[in-house]
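Have a look at the structure below, then the notes.
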Amino acid sequence: QVGLEESGGGLVQTGESLRLSCTTFGFTVDKYAIGWFRQAPGQARERVSCINGVRNGGGSPTYADSVKGRFTISRDLGKNTLYLEMNNLKPEDTAVYYCATGGWYGARCGDTFDWWGKGTLVTVSS
C-alpha cells in the first residue's frame, strides 16, 4: 500500500524560506515518480516539481517555470522523505502543497498520479 504525509507548511514573509517534507509509507521514496503539487483557492492544481523513480531513470527533476531557481526537490532515502526547499518565497506561492506519487512503475512525471497526501498549507505574506 502507498501512503504519503506532508509537513512543514506555515506562515512566512515574502523573501523567506521554508522546507516542506513528505514521508512515504509502503514504498521507498525513490521507487516511483513522486512530486510536489500546489493548489491555491479558486485556482487549478499545478505541478510544482517532480522526479522519476530510479527504475524509470531518476534523473533531473522538473520544475514549474514559476519556481525555477527558487525551489529544489530532493529525497532522503535514509529518512524515506521527499523535500521541497522553497527559497525567496512570494505571495503567489501561497497554496496548499501536496506530495503525490504514481504508485507504480508505469506512471512517470507527467502522468496521472493516484496517490496523494492531505496537503500542508503555505502562506506567504506581503
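Here the structure is a predicted model, which means the values were calculated and not measured.
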Parallel, tilted or perpendicular: ring planes of W116 versus Y98, cut at 30 and 60 degrees: perpendicular
Under-4.0 Å salt bridge between D111 and R108: no
Parallel, tilted or perpendicular: rings of F37 and F113 (30°, 60°): perpendicular
Backbone of Y97 reached by a side-chain donor or acceptor of T120 within 3.5 Å: no
Residues that S49 engages under side-chain hydrogen bond (donor to acceptor under 3.5 Å, both in side chains), provided they are two or more places apart: none
Heavy-atom donor-acceptor pair, E6 side chain to C99 backbone, under 3.5 Å: yes
N87 side chain reached by E85 side chain, heavy atoms, under 4.5 Å: yes
Centroid-centroid distance, F71 to Y63, less than 6.0 Å: no
Point-to-point distance, once rounded to the nearest 0.5 Å, from CG of L84 to OG1 of T72: 8.0 Å
Heavy atoms from other residues, nucleotides or ligands near CZ of R45 exceed 12 (cutoff 6.0 Å): yes
Under the side-chain hydrogen bond (donor to acceptor under 3.5 Å, both in side chains) test, residues paired with S66 that sit two or more places apart: R38
Heavy-atom donor-acceptor pair, T123 side chain to L11 backbone, under 3.5 Å: no
Distance, nearest 0.5 Å, that separates CG of L18 from CG of D93: 10.5 Å
Matching residue for D30 among L77, I51, L82 - test: side chain to side chain contact (heavy atoms under 4.5 Å, CB included): L77
Verify same cluster id: V2, V29 (apolar side-chain graph, 4.5 Å): yes
CD-OG1 distance between E92 and T94, expressed to the nearest 0.5 angstrom: 8.5 Å
Expected output: side-chain T24 to main-chain L4 donor-acceptor under 3.5 Å: no
Flag side-chain contact, heavy atom, 4.5 Å: Y83 against L20: no
Heavy-atom closest pair, residues P61 and I73: CB-CG2, 3.3 Å
Residue pair K31 / Y105, side-chain heavy-atom distance below 4.5 Å: yes
Within-4.5 Å side-chain heavy-atom neighbours: P91 and T14: yes
CA sep, side-chain torsions, deciding dist, call: C109, R47, side chain to side chain contact (heavy atoms under 4.5 Å, CB included): CA-CA 10 Å; C109 292; R47 188 175 72 181; 3.7 Å; yes
Within-4.5 Å side-chain heavy-atom neighbours: T101 and F27: yes
Side-chain donor-acceptor contact under 3.5 Å, T81 with D76: no
Residues which pass side-chain hydrogen bond (donor to acceptor under 3.5 Å, both in side chains) with S74, listed by chain and number, not counting sequence neighbours: none
Any R75 side-chain heavy atom under 4.5 Å of V54 side chain: yes
Rounded distance [0.5 Å steps], OG in S17 versus CE in M86: 8.5 Å
Any donor-acceptor pair under 3.5 Å from E16 side chain to Q13 backbone: yes
